[in-house]
Protein chains: 2
Amino acid sequence: MSDDLRTLVEQLKAVSHPLRLRVLALLEPGELCVCQIAETLQVPQSSVSEALRELRRAGFVLERKEGRWVFVSVVPRKQASPLLKGLLAHAGSLPEVLADRARALEVKAVAIPIVCSKVQKSSPVDRAVSRV
Amino acid sequence: MSDDLRTLVEQLKAVSHPLRLRVLALLEPGELCVCQIAETLQVPQSSVSEALRELRRAGFVLERKEGRWVFVSVVPRKQASPLLKGLLAHAGSLPEVLADRARALEVKAVAIPIVCSKVQKSSPVDRAVSRV
DNA sequence: AGGTTATATCGGAAAATATCGAAATATGAA
DNA sequence: TTCATATTTCGATATTTTCCGATATAACCT
């Protein structure tokens with residue numbers, strides 16, 4: 001199989017996963033740190049980290065380290081492939097994505113250390129409850 | 001998870017697979033019957049059939065039955081989602097896809113019954129040899 | 001009807017992926 | 001240094017996907 005085809009397939013695989021797609025769409029309005037993403041989407045922080053690894057491998061997101069925090073953002077529009085732009089446009093119209101972004105605004109209103117410590121302490125039970 | 005998001009993920013999954021993506025791209029220039037696809041791509045007929053089932057489920061291709069043959073085509077451009085159009089545009093520039101299409105032209109130059117009977121008789125060994 | 005042919009579905013083993021808590025790593029603060 | 005904290009990686013299991021030969025189905029032809 002040619003590399004070109006393989007690369008395209010890998011990029012498509014990276015986003016054919018609910019969490020990864022939500023994370024990517026969540027980042028479009030602007031960067032977030034890992035714990036903000038985990039808190040916004042109410043998923044374990046390790047799952048977010050793994051999702052981000054795949055998105056990075058696919059070339060969809062960039063990371064910026066600031067102290068202990070890792071801020072993640074979608075690659076600049078100028079470098080974004082048509083595939084990525086199309087995806088973001090499509091995803092950006094989904095109600096669930098909009099709801100995620102709204103939640104992110106609330107999370108961003110809280111100081112990061114507070115969000116992070118909350119995420120670290122959260123258990124499966126906590127997440128189940130807060131999803132009601 | 002919302003239905004919208006689920007649907008998008010399912011569509012992306014449908015094409016994040018080398019064979020399915022190749023089949024979809026192969027069909028863009030015009031319809032082909034199942035055995036023509038199998039012969040062009042040198043894969044078992046059952047694999048093509050399964051790939052087509054997924055592409056149909058995703059709403060990317062249509063089928064037209066003519067006697068014993070099933071002709072498959074990409075949905076008309078007018079009904080095609082931006083996602084599908086973007087994919088076809090991207091895939092259509094890949095060398096491997098162009099090579100597949102060139103091979104399809106050769107296959108189309110042969111009468112369908114001859115192609116079909118050849119596909120039905122083909123064994124793994126045959127396919128391995130002809131891929132040299 | 002019986003035979004042939006094109007396609008679809010099945011079976012089931014191997015490979016890949018998902019999930020998430022626990023442990024490891026890395027950075028900063030005291 | 002030692003402690004605390006944010007993130008990554010690991011481990012282990014569960015689930016899904018892939019693959020293809022074999023079989024079933026459907027349609028045509030005598």
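These numbers were taken from a predicted model, which means no experiment stands behind them. Below, all heavy atoms of this structure are taken into account, side chains as well, without hydrogens, waters or symmetry copies. Just so it is clear: chains get the letters A, B, ... in the order the sequence lines come, proteins before strands, and each one is counted from 1.
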Rounding to a whole Å, what distance do you find between B:Trp69:CH2 and C:dT4:P?
17 Å

Are any of A:Gln120's side-chain N or O atoms less than 4.0 Å away from OP1 or OP2 of D:dA6?
yes

Upstream residue (5' side of DNA chain D) when A:Lys13 and A:Ser49 are each assigned their closest nucleotide:
A:Ser49

Considering only NZ, NE, NH1 and NH2 on the basic side and carboxylate oxygens on the acidic side, decide whether A:Glu28 and A:Arg101 come within less than 4.0 Å.
yes

Whole-Å gap separating C1' (C:dC20) and CD (A:Glu50):
8 Å

So does A:Glu31 get a backbone contact from the side chain of A:Arg64, meaning a donor-acceptor N/O pair under 3.5 Å?
no

A:Glu10 or A:Ser46, whichever maps to the more 5' nucleotide of DNA chain C:
A:Glu10

Please determine whether a side-chain nitrogen or oxygen atom of A:His17 lies at a distance below 4.0 Å from atom OP1 or OP2 of C:dT19.
yes

In whole Å, I'd like the distance from the CZ atom of A:Arg20 to the P atom of C:dT17.
9 Å

Starting at CZ of B:Arg53 and ending at P of C:dA6, how long is that distance when rounded to a whole Å?
21 Å

Assuming nearest nucleotide by heavy-atom distance, tell me which of B:Val48 and A:Glu66 is located more 5' along DNA chain C.
B:Val48

Using the side-chain heavy atoms of B:Cys33, tell me which of these nucleotides is nearest: D:dT8, C:dT7, D:dG21.
C:dT7

So that I can tick it off, tell me whether B:Lys13 and B:Glu54 are bridged by a salt bridge, with the cut-off set at under 4.0 angstrom between side-chain N and carboxylate O.
no

Separation of atom CG in A:Leu52 from atom P in D:dT9, rounded to whole Å:
11 Å

What's A:Lys121 touching, base or sugar-phosphate or nothing? Going by heavy atoms closer than 4.0 Å.
nothing

B:Ile37 CD1 - C:dT7 P separation (whole Å)
9 Å

Rounded distance in Å - CZ (A:Arg56) to P (D:dT9):
7 Å

Respond yes when some side-chain nitrogen or oxygen of A:Ser47 is under 4.0 Å from OP1 or OP2 of C:dT19, and no when none is.
no

Is it true that B:Asp3 and B:Arg6 have a side-chain N and a carboxylate O under 4.0 angstrom from each other?
yes

Starting from C1' on C:dA6, measure out to CZ on B:Phe71 and report it in whole angstrom.
11 Å

Checking D:dA6, D:dA27, C:dG21 against the side chain of B:Arg68 (C-beta onward), the nearest is D:dA27

Which comes earlier along DNA chain D counting from the 5' end, the contact point of B:Ser16 or that of A:Gln36, where each point is its nearest nucleotide?
A:Gln36

For A:Phe60, which of A:Val74, A:Val15, A:Val75 qualifies under side-chain contact (heavy atoms from CB on, under 4.5 Å)?
A:Val15

Looking at A:Arg127, I'd like to know whether one of its side-chain N or O atoms comes within less than 4.0 Å of OP1 or OP2 on C:dT19.
no

Taking N and O atoms by type only, does the side chain of B:Gln45 place a donor or acceptor under 3.5 Å from a partner on the base of C:dA8?
yes

